[in-house]
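Notes follow the structure.
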Amino acid sequence: MARFIIDGGHRLNGSIRVHGSKNAALPILAAVVMAQGETVIKDVPRLDDVFVMLEILRSLGAKVAFHKNEVVIDPTFIHTTDVPEDLMKLMRSSIFLMGPLLARFQSVKISKPGGCTIGSRPIDFHLKGLRMLGAEIIERHGYIECRAERLQGGSIFLDFPSVGATENLLMASVLAEGETLIGNAAREPEIRDLAAFLNQLGARIEGAGEDTIVVHGVPKLQSTEFRVQPDRIVAGTLLIASAMTRGHVEIQNVRPTDLTAVIMKLQETGVQVKPNHDILEVRSQGMLKAVERLQTSPFPGFPTDLQAPFMSLLTVAKGTSIISETIFEDRFKHVSELQRMGASIKVDLRTAFIRGIPELTGAAVEATDLRAGAALVIAGLGAEGRTILDHVYHIDRGYEAMELQLRSLGAKILRVQDSLERLEAQAE
Ligand code: UD1
C-alpha cells in the first residue's frame, strides 16, 4: 500500500495549473448515457473515481476511450441498466447513473450505497425526487430498482440543498415530459457546469447555480464537446498548502469567485491572496492569526471539503480558532491524526476548538478519507521533521498525482510502496 514520506519545512514557490474538477466530471460522465453518438469531454482528471465511473459505463456497453485528460464516450451500444455491484461499491458517485439511465432507458438497478467514514450519507432525497417525477422504486435485498415509462415533470422541493440529489434530479428531468421545478436546489459551481453541459447537449435548463432550477423537458439529446471546469477544492488545497509553508505560489486555471469564502478566511489569518482573472497569487509570511469562527455550509458558504485542510493551517495560527462542521456528522477524523503531530484541538460534537501552537512535528499518521488525507499532507509540509502518511489511496481519489504537483513547487514529498525501513532510507 502506498504512503507519502514528507519532509516538512520547505516553502512552496512557483506556479501550478489546477486540473479539471472531479465533482463536476463525475455527474457529467454519467449524463453522457443520455447523449446520442460520440461525446468528447476535456480536462477530465485522471483519478480513481473517474476510472471507476468509466469502467461502469464500459460494463453497461458504452464505448469509452480515455487519452491524457480527454474522454470520448459513445453510449449507442448500452445494453443493460444494471450497475455492477462490485463497481458500485467502489464509489458512491455511481448513484449519479440513476437519473440518466432511468430517463433514457426507463429502468435502472443499482445496489444501495452504504455510509462512509464522514457520515451516514443517505440517498432519500434522490429517491423522493425521482418518485415525484413518476418513477416506481422498489428497494429490496440491498438493491434499488427504478422504473418509469417516461418521467413526468413536476415540482420538487429538497429538504436540504443536497449537491448529489440536485444533480441526479436535474439529469433525470431533462428528458421528462413537461416542466420540472427543483426548489431549494444546491448552488454549487459543479451544478452550473453540469447544466451547461446538458444544455450543450440540447437540454433546456434555467437557473442552475440559483436555488430554483427550471427544466423544460426535451424528447432527446445530441452529442457535444465540453471542457470540465477547474477543481475548486484542489485550488483551495493548494492555496492552504502554500499558506502553511509561508510560500509564494501562482495558482492557474481557477475561478476566484468559486472560492470567495475560502479566500476571505485565508485573508482573516493574514495570508495575502490576489485574484487576477483565472489566476490566484498566494503569499504568506510570519505567524498567522486564528479565525474566530469558520462554519461549513452549502455554497457560497465555506466548503466542507476544505474544512480539514483549513484546520491543519489553523493548528499553527496564533490564538484559538473555532470550526463548526454543519454538512457531515462525522467529519473530524483528521483531528486525532493532527494531535499526533502535536496539534492542540478539542472537539465537542460538531465543533472543534483549535489552539494554535508555533509548529507541528512530523509523525506517522493515516489518511482516513480523501480530504482528511489532504489535510495531513498540508500538516506534513508545514511540520518540523518527517511525516509518514499511510493510506494515500484516499488522496488519489481526488488529487491527480498530488505529490508530483507539490514537488514541482519545491515540496519534499515522496510516494513509496514498500517496507517502511527501505523507503525511509530512499527518502534520505
Ligand atoms: C457532494 C460532493 C462532496 C461534498 C458534498 C457537500 C460529489 C461527488 N461529492 O457530496 O465532495 O462534500 O457534496 O458539498 O460531488 N443528504 C441526505 N439525503 C440525501 C442526500 C444528502 O440526508 O438524499 C445529506 C447528507 O447526508 C449530508 C448533506 O445532505 O449531510 C449534504 O450532502 P450532499 O450535498 O448530498 O453531498 P454529496 O452530493 O454526497
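Here, residue 1 is the first one in the sequence, and each next residue gets the next number. This is a predicted model, so every value here is computed, not measured. Order of appearance sets the numbers: ligands from 1, and atoms from 1 within every ligand. Both backbone and side-chain heavy atoms feed into the values below; hydrogens, waters and symmetry mates do not.
The closest non-hydrogen atom to atom 19 (C) of ligand 1, taken over P122, G398, S162, comes from P122. Looking at L26, L127, I327 and measuring to atom 30 (O) of ligand 1, the nearest heavy atom belongs to I327.
Counted by atom type alone, E325 and T304 present one or more donor-acceptor pairs between their side chains at under 3.5 Å. Judged purely by distance below 3.5 Å, without hydrogens or angles, the side chains of Q229 and R255 pair a donor atom with an acceptor atom. Between the side chains of E38 and S223, no donor-acceptor pair of N or O atoms lies under 3.5 Å.
Annotation: T304 places no N or O atom under 3.5 Å from an N or O atom of ligand 1; distance criterion only. Note: an N/O pair closer than 3.5 Å links R121 and ligand 1 by distance alone. Annotation: D124 places an N or O atom under 3.5 Å from an N or O atom of ligand 1; distance criterion only. Between F125 and ligand 1, a contact under 3.5 Å exists for at least one N or O pair. Considering backbone and side-chain atoms alike, N23 places an N or O below 3.5 Å from some N or O of ligand 1. Here's the thing with D305: one of its N/O atoms is less than 3.5 angstrom from an N/O atom of ligand 1.
The atoms of ligand 1 that sit less than 4.0 Å from any heavy atom of R331 are 12 (O). Close approach of ligand 1 to G164 is summarised as follows: ligand atoms under 4.0 Å from at least one heavy atom of the residue are 35 (O), 38 (O). Interface of V163 with ligand 1, defined as ligand atoms under 4.0 Å from a residue heavy atom, comprises 1 (C), 13 (O), 14 (O), 33 (P), 34 (O), 35 (O), 38 (O). Close approach of ligand 1 to H126 (heavy-atom distance below 4.0 Å) involves ligand atoms 23 (O). Below 4.0 Å from some heavy atom of S93 lie the following atoms of ligand 1, by number and element: 8 (C).
Salt-bridge formation is not detected for the pair R397/D48: no Lys NZ or Arg NE/NH1/NH2 atom is positioned less than 4.0 Å from an Asp or Glu carboxylate oxygen. Checked for salt-bridge contact, E403 and R407 miss the test: no charged N lies under 4.0 Å from a carboxylate O. One finds no salt bridge joining K22 and E400 here, because no Lys/Arg side-chain nitrogen approaches an Asp/Glu carboxylate oxygen to under 4.0 Å. Between D49 and R92 there is no salt bridge, since no side-chain nitrogen of the basic residue lies less than 4.0 Å from a carboxylate oxygen of the acidic one.
Between the CZ atom in R232 and the OG atom in S21 there is a gap of 7.5 Å [rounded to 0.5 Å].
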- Item | Intermediate values then yes/no, side-chain hydrogen bond (donor to acceptor under 3.5 Å, both in side chains), E329 and S120 | CA-CA 8 Å; E329 67 269 25; S120 59; 3.0 Å; yes

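Contacts of D159 with ligand 1, taken as heavy-atom pairs under 4.0 Å, are absent altogether.
If you check which protein heavy atom lies closest to atom 28 (C) of ligand 1, you get F160 CE2, 3.7 Å. The protein heavy atom nearest to atom 25 (C) of ligand 1 is F328 CE2, 4.2 Å.
Nearest heavy-atom pair, V32 versus P75, reported as atom, atom and distance to 0.1 Å: O-CG, 3.4 Å.
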